[in-house]
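What follows is one structure encoded as structure tokens, with my remarks underneath.
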Amino acid sequence: MNEKQLAAEKSIEFIKNRMILGLGTGSTVFFLVKKLAELVKQGLDITCVSTSNQTSELAKSLGIRISSLNEVEKIDLTIDGADEVDKNLNGIKGGGGALLYEKIVAKASNKVIWIVDSSKYVLQLGKFPLPVEIISFGSNQLLKRFDELGFNPEIRKNGNDNFITDSGNLIVDLHLNEIEDAINLERQIKLIPGVVEVGLFNNIADLVIIGKGNSTEIINRV
Ligand code: 5RP
């Protein structure tokens, strides 16, 4: 079993019958959804809220019930992947372009668990390009602004076309290399007009499950 699958299957232990469960997006969450589908077939009663069309389609195709966020009062637990996470459990997300829904779902959750392979646990955030979701109106102006700020922006592509998020926006990846102050950077970027969401997820994860070799390590927020 690879590290992503190990982390994903370990996270199943935190799921209880009748929970409202938030489902993240990505290749690590793929293993979670597969395992969850097996448990649903065996009688687990669970309602899920998804963070992307990709996850919704996969879950529904495997017989998992998906509700919209507006249909539920609160989410008990959300399990999601991440692109980088540091020892304070701050992280970068949005490699799959689902950061906006992922942040909204995480903020509506009583508890958030991230499942990652060992390469994602880093001393300092920023090697992974920071995804920022922006609206398309005036996007060239925004790119210029990011450039002036020294953020090395790159509009995300899907082949020859721009990558379009589930909510119809664009993604700019900022090649920062290192992030000294994740809290202030999130604020600074979020305040720029045209920015919808930033892939910095600070003080959101309560617990991270890291797949490491043949086993898993759990890091709790202190
Ligand atoms: C999608 C995300 C993913 O959780 C993140 O990119 C990790 O993906 P993977 O599990 O495929 O490595 O934030 O927007």
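All residue numbers in this chain count up from 1 along the given sequence. Whatever order the structure lists them in is the order used to number ligands and atoms, beginning at 1.
Taking every heavy atom of Asp83 and a limit of under 4.0 angstrom, the matching atoms of ligand 1 come to 5 (C), 6 (O), 7 (C), 13 (O). Shown in contact with Gly97 at under 4.0 Å from a heavy atom are these atoms of ligand 1, numbered in order with element: 14 (O). Taking every non-hydrogen atom of Ala98 and a distance limit under 4.0 Å, the qualifying atoms of ligand 1 come out as 14 (O). Those atoms of ligand 1 with a heavy atom of Asp80 less than 4.0 angstrom away are 4 (O). Every atom of ligand 1 is numbered from 1 in the order shown, and the set under 4.0 Å from a heavy atom of Gly95 is 6 (O), 13 (O), 14 (O).
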message: With side chain to side chain donor-acceptor pair (under 3.5 Å) as the criterion, how do Thr28 and Gln5 come out once you've worked through the C-alpha distance, each side chain's angles and the decisive distance to 0.1 Å?
response: CA-CA 6 Å; Thr28 317; Gln5 188 170 0; over 6 Å; no
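For atom 9 (P) of ligand 1, the choice among Gly24, Ser27, Gly81 with the nearest heavy atom turns out to be Ser27. Relative to atom 1 (C) of ligand 1, the option among Lys4, Glu102, Lys93, Glu84 with the closest non-hydrogen atom is Glu102. Nearest-heavy-atom check against atom 13 (O) of ligand 1 across Gly94, Gly26, Ser119 picks out Gly94.
Given atom 10 (O) of ligand 1, the protein heavy atom at minimum distance is Thr28 OG1, 2.5 Å. At the top of the distance list for atom 3 (C) of ligand 1, counting protein heavy atoms only, stands Thr25 O, 3.2 Å. Ranking the protein heavy atoms by distance from atom 12 (O) of ligand 1 puts Lys120 NZ, 2.7 Å first.
One hydrophobic cluster, built from ILVMFWY side chains closer than 4.5 Å, holds both Leu69 and Val196.
Residue contacts with ligand 1 for Val116 are absent, since no atom lies close enough (heavy atoms, distance under 4.0 Å). Contacts of Pro131 with ligand 1, taken as heavy-atom pairs under 4.0 Å, are absent altogether.
Just one of Lys93, Lys190, Lys107 meets the salt bridge (charged side-chain N to carboxylate O under 4.0 Å, His left out) condition when paired with Glu197; it is Lys190.
Here salt bridge (Lys or Arg N to Asp or Glu O under 4.0 Å) pairs that include residues 157-186, with residues two or more places apart or in two chains, are Lys103-Glu186, Arg156-Asp173.
Glu84 places a side-chain N or O within 3.5 Å of a backbone atom of Phe128 that can act as its donor or acceptor partner. Between the side chain of Asn177 and the backbone N or O of Lys127, no donor-acceptor pair lies under 3.5 Å. Using a distance-only test at 3.5 Å, with no hydrogens or angles considered, a donor-acceptor pair links the side chain of Arg221 to the main chain of Ala205.
A salt bridge between Glu57 and Lys60 is absent, with no side-chain N of the basic residue lying under 4.0 Å from a carboxylate O of the acidic one.
Side-chain contact annotation: Glu71 with Thr47, donor-acceptor N/O pair under 3.5 Å absent.
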